[in-house]
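Quick notes on the structure that follows.
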There are 2 protein chains.
Amino acid sequence: MKRLPISASRIQETIRRLAYFQAWPDDVLDSLAGGAKLLTLSKNSWLAHKGETLDRLYVVISGQLRIYLPLPNDMERVVTLVGPGDSLGEACLVLNEACPYHVVASKDSHLLAIDGMVYRQELSRHPTLTSQTLELVSRRLIGALRDVEICAQPSSVQRVAGFLMLHQPTTDTPTFKFLLPARKQDIAAKLGLTQETFSRVLGFLVKQGLIQMQGGKISVEDGQKLSQITSMRETQEPCR
Amino acid sequence: MKRLPISASRIQETIRRLAYFQAWPDDVLDSLAGGAKLLTLSKNSWLAHKGETLDRLYVVISGQLRIYLPLPNDMERVVTLVGPGDSLGEACLVLNEACPYHVVASKDSHLLAIDGMVYRQELSRHPTLTSQTLELVSRRLIGALRDVEICAQPSSVQRVAGFLMLHQPTTDTPTFKFLLPARKQDIAAKLGLTQETFSRVLGFLVKQGLIQMQGGKISVEDGQKLSQITSMRETQEPCR
DNA sequence: CGCGACTTTGAAGTAAATCAATGGGCGTGG
DNA sequence: CCACGCCCATTGATTTACTTCAAAGTCGCG
């Protein structure tokens, strides 16, 4: 992880380009730019460890971060995959609490790091920002709940089906394509499965004709049936 | 569920007594009392269904609510148990989104129901409330993460140990007692276990001398060892 | 073309779910 | 005050879906 020696104007420019800051007033952006840094993280390098105090708000410009919880058996439970335009750390900064998860770059990444003190100060100064942040955190809370719901599915097929259906653009679109947002390994870890099980389930769904797959490209052929799986009592066909 | 025919003054009085509203200005409380109702829910009656729009903020006065996600196999994944002084619905109201979970009374309960419109209006009028709510939702988000962490533990013994250790009053208190906050059934569902497994694991821990148990009263005898279990690779003793 | 990272496939073991039945508390009513 | 009935917890026996361990296969990239 190294700090890019970039001019302040470059930072301001970057900030203004990010959707995250779209609705924020100019003077706030100027303040934020003051304590901001541009970071470059190479794949697999750490951004934060669980238990550390987080003193920055991070916004991903390019690349991808993996937020996860470490498990006893050398496994990980992926909480979120943070992509371009996404941010991380609001809740911790607001509460001034220790970081509850690990964060590492899952790809070479560029990010904006905004000083926590400045961030909190601006937050307290501008009610609009506070309510926007409230909305953001609320969205994240509800999102977390959706993830819990998927991971709580009793069978692996149901979890994967639930995951796939998250990507349908509009409800009642029976067929659609998308690219897996990360390595299958990481997605499996987000679903609470091993990569092996995830692979097998995808293979099973292909065999059933419910999806097609080539590399990371998924084509859902029958979203209808896939949704039903989620609420079915028996999922695993006799396997032959 | 029936509406108590209670005077407005009684409602204001109740509101003022709740810790939830401690720091809120008087005029806000008056407004909130305007659209508020006192509800009585008898055990097992519904407060909200998943998918419905939630148009009230609820604060529990007495009793207990169970927030949960329905699972295909007629099981539930308990998200939270909401007790006296706790509230529910902030995130939904802020985003004006459908309720993502079911809510039922797990005991006979009394609650305060505050009109959503009024709540949002007051929120937008008073930046202080907004930041307090931001803190509340942030806390809830981080709490949700802790729950995910426990449920992600690979073995049942580790999940239960993690749950038990949540109740230690201060870190480095090796021994402590507490009362289970709900039926074992519901706690099991919160840990992603069946009641049978939960029962067996508790029995196992008793046999190991790590805890004592009589009914809902738990006495943790060796928090040290219990914490270690959480990060151990092998958990289940050979059983004989 | 060959190497490393990631994924897929196979075979075996195991922990937890499931099914089924018993046991204990507690409130209600006789 | 005891007896019944209900709800919840416990215990046992069985099944199986997932993990685990191991190895081969694929892909992209220098």
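The side chain of B:Gln195 places no N or O atom within less than 4.0 Å of a non-bridging phosphate oxygen (OP1 or OP2) of D:dC8. In terms of phosphate contacts, B:Ser199 brings no side-chain nitrogen or oxygen within less than 4.0 Å of OP1 or OP2 of D:dA9. Phosphate proximity of D:dA17 to A:Ser156: absent, as no side-chain N or O sits under 4.0 Å from OP1 or OP2. Taking only side-chain nitrogens and oxygens, A:Ser155 never comes nearer than 4.0 Å to OP1 or OP2 of D:dA17. Taking 4.0 angstrom as the limit, B:Asn73 places none of its side-chain polar atoms (N or O) nearer than this to OP1 or OP2 of C:dA17. One finds no side-chain N or O of B:Thr197 lying less than 4.0 angstrom from the OP1 or OP2 phosphate oxygen of C:dA16.
Counting distance only, with no hydrogens placed and no angle test, the side-chain atoms of B:Arg183 and the base atoms of D:dT10 include no donor-acceptor pair under 3.5 Å. Counting distance only, with no hydrogens placed and no angle test, the side-chain atoms of A:Glu196 and the base atoms of D:dC21 include a donor-acceptor pair under 3.5 Å.
Summarising the geometry, the separation between NZ on B:Lys43 and P on D:dC7 is reported as 9 Å, rounded to the nearest angstrom. If you measure from atom CG of A:Leu191 to atom P of D:dT19, you get 11 Å, rounded to the nearest angstrom.
Both B:Arg200 and A:Lys184 lie near DNA chain C, and the one whose nearest nucleotide falls closer to the 5' end is A:Lys184.
Remark: the A:Glu221 side chain and the A:Ser219 side chain contain an N/O donor-acceptor pair separated by less than 3.5 Å.
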